Protein chains: 2
Amino acid sequence: MATCSCEVKACVLCEDRLYAGLSKDQICQLREHLIRELYEPREALFREGDPATYLFALRHGQLKLTSSMPDGRQQILRIAVAGQLLGIETFKGRTYPFTAEALTDVVACKISHDDLRNIIEANPAISLRVIETLSHELDQAESLIRDLGLKTAPEKVSSFLLSLVPLGGDPNGDLPLRLSRREIAEMLGLTEETVSRVMADFVRRKLIESGRGFIRILDRKRLEEINGIDVNTTGSPPRAVSAKR
Amino acid sequence: MATCSCEVKACVLCEDRLYAGLSKDQICQLREHLIRELYEPREALFREGDPATYLFALRHGQLKLTSSMPDGRQQILRIAVAGQLLGIETFKGRTYPFTAEALTDVVACKISHDDLRNIIEANPAISLRVIETLSHELDQAESLIRDLGLKTAPEKVSSFLLSLVPLGGDPNGDLPLRLSRREIAEMLGLTEETVSRVMADFVRRKLIESGRGFIRILDRKRLEEINGIDVNTTGSPPRAVSAKR
DNA sequence: TCGGACTATTGATCAATATCAATATTCTGC
DNA sequence: GCAGAATATTGATATTGATCAATAGTCCGA
């Protein structure tokens with residue numbers, strides 16, 4: 001068997017514990033199919049409509065997945081973080097349904113659908129991890145559907161801010177994601193200006209602090225009240241209320 | 001090994017071809033863990049916030065998955081059709097993040113997370129089918145995010161109508177789904193009245209026909225133009241345009 | 001076949017948020 | 001440190017779709 005140059009680090013397809021139970025040959029076989037790639041901020045891994053051949057596992061950094069209307073309106077479907085998969089939507093599809101663009105420096109492993117299929121068939125432990133990852137992503141997506149479908153602008157922004165907390169950093173520390181106002185707007189189905197106004201209002205009410213390139217949550221409890229329902233969908237019961245209009 | 005009473009029919013966990021390659025014992029083992037259940041229209045399989053123990057595979061009928069805000073605002077996250085899984089979002093979660101309610105008479109198989117885990121680990125063919133199903137559901141969810149985030153009311157309704165076509169029936173026949181105006185509104189993040197107005201307008205413009213309990217598409221092409229982008233996300237390239245406001 | 005309840009349609013008005021526009025701030029390359 | 005560009009803030013106004021309300025159609029049981 002060929003030697004392996006692929007590093008073993010945290011990512012759904014690469015994580016150490018996945019190798020438990022696999023033979024040395026199997027491990028090498030898996031590593032052989034993974035192609036490790038680097039991307040710079042603003043660089044696209046692939047674009048909406050491109051023929052879909054590879055699936056990507058994000059090993060380091062953050063991505064935004066976006067879809068556009070022909071007139072330029074753009075929607076962020078998801079922010080992907082290390083450990084997540086992208087492009088698996090096309091497991092049976094022909095073209096990528098979204099553009100994947102690096103927000104930070106990014107390390108990703110790519111693997112062809114065919115290879116993935118073979119590996120899954122041979123390695124139940126890996127397929128279990130893939131299923132766990134996918135189900136979490138589906139949960140996230142449904143959470144965004146909730147936000148987009150039935151929340152007001154302040155509720156959306158508060159939901160967005162709270163959803164960033166688990167992405168890293170202590171609850172009262174700086175949030176670990178640097179999106180522009182425009183990008184936040186594109187995620188929440190709002191305009192830049194509305195996001196700016198809502199955030200200004202939150203600052204005025206001392207719910208958050210916001211300087212150049214950072215946001216800090218000052219009053220998590222009141223943000224949660226504004227949000228209306230819990231951010232972590234699989235969690236504690238609902239809280240306080242505010243009507244849509 | 002115990003005898004099997006579970007019927008073998010179309011559903012992700014039950015489908016015939018899954019059994020190809022499995023030993024008789026394995027097949028029996030799988031069937032043993034599946035619990036077949038029947039539901040009537042309006043009956044709930046489970047409710048948002050219930051402790052999540054089972055995963056469901058929908059074998060026959062249609063379901064709506066909804067999430068509510070404490071003040072009663074409700075969002076339909078997804079319409080599930082035969083072959084789809086539900087509750088897998090909670091593979092690692094503790095409570096169901098949505099309510100699953102039958103729209104028609106429903107047959108579903110349920111299986112505990114633990115059993116599913118064991119079966120997946122033992123049967124790569126099944127995990128492959130689960131992954132395919134999940135990735136399709138993720139694709140659907142992202143498509144709804146697009147609709148909710150960047151479309152106008154007429155665009156949303158046209159997208160909704162077009163998305164029903166592949167669910168069955170020929171392109172110019174009656175649509176196979178009977179949702180009330182209220183339910184369509186809850187799916188698209190609109191109100192009953194707005195849906196009604198848009199549909200009335202579509203009828204006036206001879207794009208659709210709509211009688212008691214049925215909708216028929218008369219002019220697919222113009223509906224697609226209104227929709228702006230394609231319904232089938234993994235499909236042909238974009239078409240004509242209309243701006244959001 | 002009637003009566004009540006639910007669902008859909010239609011109209012008038014309102015309000016949240018988009019749009020348009022101007023200014024301020026921050027970032028970048030030189 | 002400066003000039004230009006990009007990003008963010010703030011204000012004035014417009015517009016989509018919500019809300020409130022009344023009417024009409026449909027379904028269902030008695």
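Chain naming here is simple, since letters A, B, ... match the order of the sequence lines and numbering starts at 1 in each. Computed over heavy atoms, backbone and side chain alike; hydrogens, waters and symmetry mates excluded. Everything quoted here is computed from the prediction, not taken from an experiment.
Applying the side-chain contact (heavy atoms from CB on, under 4.5 Å) test between A:Ile184 and each of A:Val198, A:Val195, A:Ile76 identifies A:Val195 as the sole match.
Atom C1' of nucleotide C:dA18 and atom CG of A:Leu188 are separated by 15 Å, given to the nearest angstrom. In this entry the distance linking CG of A:Asp201 with P of C:dT17 reads 12 Å, nearest Å. Atom CD1 in A:Ile215 sits about 14 Å away from atom C1' in D:dT7, given to the nearest Å. Atom CG of A:Leu148 is separated from atom P of C:dT17 by 13 Å (rounded to the nearest Å). Counting to the nearest Å, the C1' atom of D:dA8 and the CG atom of A:Leu190 are 16 Å from each other. In this structure, B:Leu150 atom CG and D:dT16 atom P are separated by 17 Å, rounded to whole Å.
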Given B:Glu48 and B:Thr99, is the side chain to side chain donor-acceptor pair (under 3.5 Å) satisfied, shown in steps? CA-CA 5 Å; B:Glu48 191 170 3; B:Thr99 296; 4.6 Å; no
Close N/O contacts between protein and nucleotides 6-9 of chain C (under 3.5 Å):
residue	atom	partner	partner atom	Å
C:dA8	OP1	B:Arg181	N	3.2
C:dA8	OP2	B:Arg181	N	3.2
C:dT9	OP1	B:Arg181	NH2	3.2
C:dT9	OP2	B:Arg181	NE	2.7
C:dT9	OP2	B:Ser196	OG	2.6
C:dT9	O5'	B:Ser196	OG	3.1

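Using a 4.5 Å heavy-atom cutoff, the side chains of A:Leu179 and A:Ile79 are in contact. Proximity of A:Met69 to B:Glu155: side-chain heavy atoms (C-beta onward) are separated by under 4.5 Å at one or more points.
Considering only side-chain N and O atoms, A:Thr191 lies under 4.0 angstrom from the phosphate OP1 or OP2 of C:dA18. When the side-chain nitrogen and oxygen atoms of B:Thr194 are compared with OP1 and OP2 of D:dA18, one or more of them lie within a distance under 4.0 Å.
Note that B:Lys110 lies outside the cation-pi zone of B:Phe56, set by a 6.0 Å cut-off to the ring centre and a 45° limit from the axis.
For A:Arg197 and A:Glu193, the salt-bridge test fails: no basic side-chain N is under 4.0 Å from an acidic carboxylate O.
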